[in-house]
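Note that these values count all heavy atoms, side chains included, but never hydrogens, waters or copies made by symmetry. Keep in mind it's a predicted model, so treat the numbers as computed, not measured. Here is how names work: the chains are called A, B, and so on, in the same order as the sequence lines, proteins then strands, and each is numbered from 1.
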There are 2 protein chains.
Amino acid sequence: MTVPSQSIQKKDKHNYVECDDCSMNSVCRPLSTVKQSINLSDSFLHKRITTKANHILFNQSTPLTNIYAVSSGAFKLLLQTDDSTENIIGLRFPGELIGEDALFLKTYNYTAIAIGDSSVCKVSVEQMTSCGQLIPEIQKNLIELLSRQNYVRQKNFQAYIGKKSADSLLAAFLLNIIERNASYTGSDNSIELPINRNNIANFLGLRRETLSRVFSKFQKEQLIQVEGRKIKLIAQENLIKIADL
Amino acid sequence: MTVPSQSIQKKDKHNYVECDDCSMNSVCRPLSTVKQSINLSDSFLHKRITTKANHILFNQSTPLTNIYAVSSGAFKLLLQTDDSTENIIGLRFPGELIGEDALFLKTYNYTAIAIGDSSVCKVSVEQMTSCGQLIPEIQKNLIELLSRQNYVRQKNFQAYIGKKSADSLLAAFLLNIIERNASYTGSDNSIELPINRNNIANFLGLRRETLSRVFSKFQKEQLIQVEGRKIKLIAQENLIKIADL
DNA sequence: ATTTAAATTTGACATAGATCAAGTTTGAAC
DNA sequence: GTTCAAACTTGATCTATGTCAAATTTAAAT
């Protein structure tokens, strides 16, 4: 599949997703209507905010207040362990949700930090819930949203569980990252990685030296083309085989 | 925490969960009410069925028809790859859901097979959805259910992502399995594993020989007590450290 | 109880990845 | 542009896990 390279406009050199392409849209849109019609004082139902690099969206183990949908940039999700090492357990890109897994226990399960300058839509859980009880459409859309998220999580889990070789892990990672970003980068075979090798290695459970060697090997074997953080897939089919997907 | 060993009744030598402890209860219960009041001809909304060992609940890539909640026994979820090797990507125990991640694309994402003789509650998605539109309570409960499932999936992902050492993988696995079964086995430190070493190794991405050695090592180091498939945790705190949870 | 196949464990060796060390490249600050 | 620190790569060894082989245990069938 080829995608016209200029078909998608970018803003501020970030990848950017419009409301139409946001996964939270189905919840946001009815909420906006309510907001306008009921005119809820100065409180807000949802609001787009911009964040600088390294901005902390929320901290692990704090009470759930908002759910976020990434509009532009990227976020890393990490666990704070006692040994102060950064333990990345996930990445989120435009169109994806952050914090929705806290709806159950009402407590955030990880810390979310902006990787570069980014923007997110912020939806108050309290207000979303109270509105939802009045508006069946919101309920229905929330179900759709949560179902979809379960699907995404299942796929994500499948992609990494039972894999241990550095080759298969990196192949799975690259394919996953590129697929998740394809709709707004306009490319299904290339990406500028939002995180450094250290972070990728940490996420995959590899050492940075090992990861570096695999990158070099993949390039030498003409599977990918590497230019710093810019990655282009050359032999996608082979990578899929290596990833065992 | 100590749990009275005889506090939970078992049926047919299987671990068994009553409707009260079933994760689908919040959806099932209102559905039953509807069923009784509307008296929907011969169709059913939910129904408990028993399955023999190796019974296939559904096949990967087939259209979603039902969602299941395990009542007793255990199920393995697997991917069918071309090379005919069994690729276990998950296990499900009493109280847990199977197939709910297919709600999004309406197609099952894996094959689900009973490990031993088991029983499940079967809920028709079509009927659940159509009833849900009439009954707000079902909508609300479904949201709760899906939120919870997202939470469980997040925890599961966190437990294994970025882990590669055989020690940490096995420790994470044992703690996870025992915790998920604690409420109805009545023990938070022991279990009879529902699957063999081969399957565990496959799930964790290890070789059976390696897994066997780690089992032996954990026993020698007094971390666990092993008797075939019966496992008892001796030094739970140490295992948590090894698992890096 | 006996037989048999399957599951599990253990040993010996090979290899992928970790570790340690040293270089090279990149990119931000001046 | 120059300087400097951080990021990344490469090389040399070491170690954990994979691989191959064989022994032992377990469990099912008779």
Side-chain angles (χ1 to χ4, degrees), chain A residues 13 52-54 74 76 83 85-86 88 115-117 160-174 191-221 223-231 242-244, chain B residues 13 52-54 76 83 85-86 88 115-117 160-174 192-221 223-231 242-244:
Chain A
K13 88 188 169 105
K52 291 275 173 207
N54 299 317
K76 55 186 174 186
D83 54 4
T85 49
E86 206 168 77
I88 296 191
I115 291 172
D117 294 353
Y160 295 109
I161 190 68
K163 291 208 173 67
K164 243 171 44 81
S165 90
D167 288 12
S168 63
L169 285 167
L170 179 57
F173 176 79
L174 291 176
I191 196 169
E192 178 157 2
L193 296 170
I195 54 174
N196 64 28
R197 303 279 197 269
N198 244 321
N199 291 150
I200 299 174
N202 174 266
F203 177 67
L204 295 177
L206 299 169
R207 288 313 162 121
R208 57 169 177 278
E209 296 93 335
T210 304
L211 185 71
S212 181
R213 281 182 241 271
V214 180
F215 265 115
S216 303
K217 188 175 75 172
F218 278 7
Q219 181 160 37
K220 203 188 307 171
E221 290 172 350
L223 294 166
I224 62 176
Q225 193 176 299
V226 185
E227 249 188 87
R229 289 192 183 180
K230 292 200 190 79
I231 308 291
I242 291 168
D244 191 25
Chain B
K13 89 188 167 106
K52 290 279 172 204
N54 300 315
K76 56 186 174 185
D83 54 5
T85 48
E86 205 168 79
I88 296 190
I115 291 172
D117 294 353
Y160 296 109
I161 189 69
K163 293 210 171 67
K164 245 173 42 84
S165 89
D167 288 12
S168 63
L169 285 167
L170 179 57
F173 176 78
L174 291 176
E192 179 157 0
L193 296 170
I195 54 174
N196 65 26
R197 302 282 196 268
N198 244 320
N199 291 150
I200 299 174
N202 173 266
F203 177 66
L204 295 177
L206 299 169
R207 287 314 165 119
R208 58 170 176 277
E209 296 93 333
T210 304
L211 185 72
S212 181
R213 281 183 241 272
V214 180
F215 265 116
S216 303
K217 189 174 75 171
F218 278 6
Q219 181 160 38
K220 205 188 306 170
E221 290 171 353
L223 294 167
I224 62 176
Q225 194 175 298
V226 184
E227 249 189 85
R229 290 192 183 180
K230 291 201 190 79
I231 308 291
I242 291 169
D244 190 25

Worksheet item: More 5' along DNA chain D: A:Val226 or B:Lys164, using each one's nearest nucleotide?
Response: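 That would be A:Val226.
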
Just N and O in the side chain of [X]: are any of them under 4.0 Å from OP1 or OP2 of [N]?
X	N	result
B:Thr210	D:dG18	yes
A:Arg208	D:dA7	no
A:Ser216	D:dT10	yes

Spacing of [X] atom [atom1] relative to [N] atom [atom2], expressed in whole Å:
X	N	atom1	atom2	value
A:Lys230	D:dA7	NZ	P	18 Å
A:Asn198	C:dA18	CG	P	13 Å
B:Leu206	D:dT19	CG	P	11 Å
A:Leu169	D:dT17	CG	P	14 Å
A:Ile200	C:dG17	CD1	P	17 Å
B:Lys217	C:dT9	NZ	C1'	16 Å
B:Ile195	C:dA7	CD1	C1'	14 Å
B:Gln219	C:dT9	CD	P	9 Å

Min side-chain heavy-atom separation [X]-[Y] under 4.5 Å:
X	Y	value
B:Ile200	B:Arg208	no
B:Leu211	B:Phe203	no
A:Lys217	A:Asp167	yes

From the set [options], return the single nucleotide nearest to any side-chain atom of [X].
X	options	result
B:Arg213	D:dT19, C:dA18, D:dT9	D:dT19
B:Arg207	D:dG18, C:dC20, C:dA18	D:dG18
A:Arg197	D:dC8, C:dT8, D:dC20	D:dC8
A:Arg229	D:dT17, D:dC8, C:dT10	D:dC8
A:Glu209	D:dT17, C:dA7, C:dT19	C:dT19

Worksheet item: Could you go step by step and tell me if B:Ile195 and B:Arg229 meet the side chain to side chain contact (heavy atoms under 4.5 Å, CB included) rule?
Response: CA-CA 8 Å; B:Ile195 54 174; B:Arg229 290 192 183 180; 5.6 Å; no

Fill in: Worked verdict on A:Ile242 versus A:Phe218 for side chain to side chain contact (heavy atoms under 4.5 Å, CB included)
CA-CA 11 Å; A:Ile242 291 168; A:Phe218 278 7; 4.3 Å; yes

